[in-house]
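FYI, the numbering just counts along the sequence from 1. Because the structure is a prediction, the values reported are computed rather than measured.
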Amino acid sequence: MPVLLLVPINNRSKTWTPENRPADWRQQSKRWDLYHYLRVAVIVAAFALLVGALV
């Protein structure tokens, strides 16, 4: 998930400056945030399932 979704957005945003950023930069930033929160939720759920399986 990070390699397919987050890294491409990261690589594009690394080169942005206030002068050359795209018109939809806020939308791309919000999309990155959404994918990041989903990734964290999946990690937390997986950890909870692992702990539940061990108990």
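Of all heavy-atom pairs between Thr15 and Asn20, the closest is O-ND2, 3.4 Å. Counting all heavy atoms, side chain and backbone alike, Gln28 lies closest to Ile9 at O-CG2, 3.9 Å. Smallest separation of non-hydrogen atoms from His36 and Leu6: N-CD2, 3.9 Å.
Under the 4.5 Å side-chain heavy-atom criterion for grouping Ile, Leu, Val, Met, Phe, Trp and Tyr, Leu34 is connected to Met1 within one hydrophobic cluster. The hydrophobic clustering, which links ILVMFWY residues whose side-chain heavy atoms are closer than 4.5 Å, places Ile43 and Leu38 apart.
No side-chain heavy atom of Tyr35 sits under 4.5 Å from any side-chain heavy atom of Pro2.
Partner of Phe47 under the side chain to side chain contact (heavy atoms under 4.5 Å, CB included) criterion, out of Leu49, Val51, Val44: Val51 alone.
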